[in-house]
Amino acid sequence: MNYIRQCNCHQKAVNQCLTMIENIEILLSYNSLSTQEIFKILSQNDLYNLLTFIKLINNNMEFKENKYVLSNCNLEYINSNLYLKKDDKENLVNFFSLFGKSDLNGQIMNCRKYKDIFKKRLDYIEKNEIKECKSTSVLIISIGILIIILLF
């Protein structure tokens with residue numbers, strides 16, 4: 001049963017990544033907020049409870065060249081996330097490595113690109129990984145029942 005729970009947490013975490021990027025795009029498009037302001041807003045939102053790196057990054061933003069930026073150290077926090085897989089983490093690191101480093105239109109285009117990537121990832125998870133999780137659970141239960149039958 002832990003396997004199903006782990007699959008569900010992965011799906012929820014990827015969905016939270018998608019929601020986060022959508023909200024970043026909205027904050028950039030309509031409010032033109034700074035990187036620091038965006039992370040402050042994100043870190044105060046319970047929508048991202050599986051994305052623990054958001055609060056860590058918010059608490060450790062670096063001030064350089066008259067603006068707050070994400071450092072490589074901040075990006076390492078993403079790799080500590082338990083619920084995301086390697087591909088998800090790489091996509092987030094790539095997304096954030098460009099974050100705040102271009103004009104407003106460039107940042108919005110970056111958001112759109114990674115929204116599409118995470119939508120495709122979520123579709124893949126829903127079609128493949130959830131089926132795989134259920135199949136594995138059925139197999140585990142069947143083996144358990146077989147062992148019980150053989151013991152008695």
Side-chain angles (χ1 to χ4, degrees), residues 1-138 140-141:
M1 292 298 164
N2 266 347
Y3 190 68
I4 289 178
R5 186 169 172 251
Q6 185 179 4
C7 289
N8 287 337
C9 286
H10 177 228
Q11 181 184 14
K12 287 178 185 176
V14 170
N15 191 39
Q16 287 180 15
C17 289
L18 176 60
T19 302
M20 175 192 64
I21 293 170
E22 289 172 339
N23 287 335
I24 289 172
E25 181 183 4
I26 291 168
L27 291 169
L28 287 169
S29 297
Y30 297 105
N31 299 325
S32 209
L33 298 177
S34 70
T35 304
Q36 181 193 25
E37 293 167 321
I38 288 172
F39 270 96
K40 184 176 182 180
I41 290 169
L42 294 176
S43 69
Q44 295 170 344
N45 197 325
D46 291 334
L47 285 174
Y48 315 112
N49 63 328
L50 297 178
L51 306 181
T52 54
F53 60 85
I54 292 174
K55 288 184 181 182
L56 294 171
I57 290 173
N58 180 57
N59 293 336
N60 294 295
M61 295 287 291
E62 291 187 16
F63 190 75
K64 290 183 180 176
E65 300 171 16
N66 297 323
K67 63 180 180 177
Y68 283 89
V69 296
L70 299 175
S71 67
N72 289 336
C73 178
N74 292 146
L75 297 177
E76 286 298 315
Y77 294 135
I78 293 170
N79 290 319
S80 67
N81 190 286
L82 300 175
Y83 303 111
L84 296 172
K85 294 193 175 177
K86 183 181 178 191
D87 291 345
D88 307 321
K89 293 174 185 180
E90 286 175 5
N91 283 324
L92 281 174
V93 167
N94 291 336
F95 170 74
F96 283 121
S97 67
L98 298 172
F99 195 68
K101 293 184 179 172
S102 65
D103 65 358
L104 185 58
N105 288 331
Q107 291 188 64
I108 291 170
M109 293 304 292
N110 187 43
C111 289
R112 290 181 183 159
K113 173 185 176 184
Y114 283 94
K115 269 189 344 189
D116 289 342
I117 289 171
F118 277 97
K119 281 180 185 176
K120 288 176 184 172
R121 186 77 175 121
L122 196 55
D123 287 344
Y124 174 82
I125 291 167
E126 289 171 353
K127 289 178 184 169
N128 298 311
E129 288 186 17
I130 300 301
K131 285 180 191 176
E132 186 179 308
C133 287
K134 288 179 182 177
S135 297
T136 302
S137 296
V138 168
I140 290 170
I141 290 170

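These numbers come from the heavy atoms of this one structure, side chains and all, not from hydrogens, waters or symmetry mates. The structure presented is a predicted model; accordingly, all values stated were derived computationally and were not measured.
The main-chain N or O of Phe95 is found under 3.5 Å from a side-chain atom of Asn110 such that the two form a donor-acceptor pair. In terms of modelled atom types and a separation under 3.5 Å, the side chain of Lys89 and the main chain of Ile78 share no donor-acceptor contact.
The closest side-chain heavy-atom distance from Cys17 to Leu84 is below 4.5 Å. In this structure the side chain of Phe118 never reaches within 4.5 angstrom of the side chain of Leu122, judged on heavy atoms. Side chains of Gln36 and Lys40 form no contact here, defined as non-hydrogen atoms less than 4.5 Å apart. Using a 4.5 Å heavy-atom threshold, the side chains of Tyr114 and Phe99 count as separate.
Atoms CG and CD1, from Leu27 and Ile38 in turn, are 5.5 Å apart once rounded to the nearest 0.5 Å. Expressed to the nearest 0.5 Å, how far NZ of Lys113 lies from CD1 of Ile21 amounts to 11.0 Å. With rounding to the nearest 0.5 angstrom, the CG atom of Leu18 is 12.5 Å from the NZ atom of Lys120. Taking CG of Asn79 as the start and CG of Leu92 as the end, the distance is 9.5 Å to the nearest 0.5 Å. Rounding to the nearest 0.5 angstrom, the gap separating the CG atom in Leu104 from the CG atom in Leu33 is 10.0 Å. Separation of atoms CZ (Arg112) and CD (Gln107) is listed at 12.5 Å; rounding is to 0.5 Å.
Each of Asn15, Asp88, Asp116 was compared with Arg121 under the side chain to side chain donor-acceptor pair (under 3.5 Å) criterion, and only Asp88 meets it.
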Item checked: Stepwise side-chain hydrogen bond (donor to acceptor under 3.5 Å, both in side chains) test for Asn59 and Tyr77 -> CA-CA 11 Å; Asn59 293 336; Tyr77 294 135; over 6 Å; no

Check: Hey, mind stepping through Ile24 and Leu42 against side-chain contact (heavy atoms from CB on, under 4.5 Å) and telling me if it holds?
Finding: CA-CA 8 Å; Ile24 289 172; Leu42 294 176; 3.8 Å; yes

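Using a cutoff of 4.0 Å between basic side-chain nitrogens and carboxylate oxygens, Glu22 and Lys115 are not scored as salt-bridged.
The shortest heavy-atom contact between Cys111 and Leu28 is SG-CD1, 4.0 Å. Closest non-hydrogen pair, Tyr48 versus Asn23, comes out as OH-ND2, 2.6 Å. Here the shortest heavy-atom pairing between Leu50 and Gln16 reads N-OE1, 3.0 Å. Taking every heavy atom of both residues into account, Leu51 and Met20 meet most closely at CD1-SD, 4.3 Å. Of all heavy-atom pairs spanning Ile108 and Ser29, the tightest one is CD1-OG, 3.4 Å.
Side chains of Tyr124 and Asp87: no donor on one and acceptor on the other come within 3.5 Å.
Using the six-membered ring where Trp is involved, Phe96 and Phe53 have ring planes that are perpendicular, over 60° apart on the 30 and 60° scheme.
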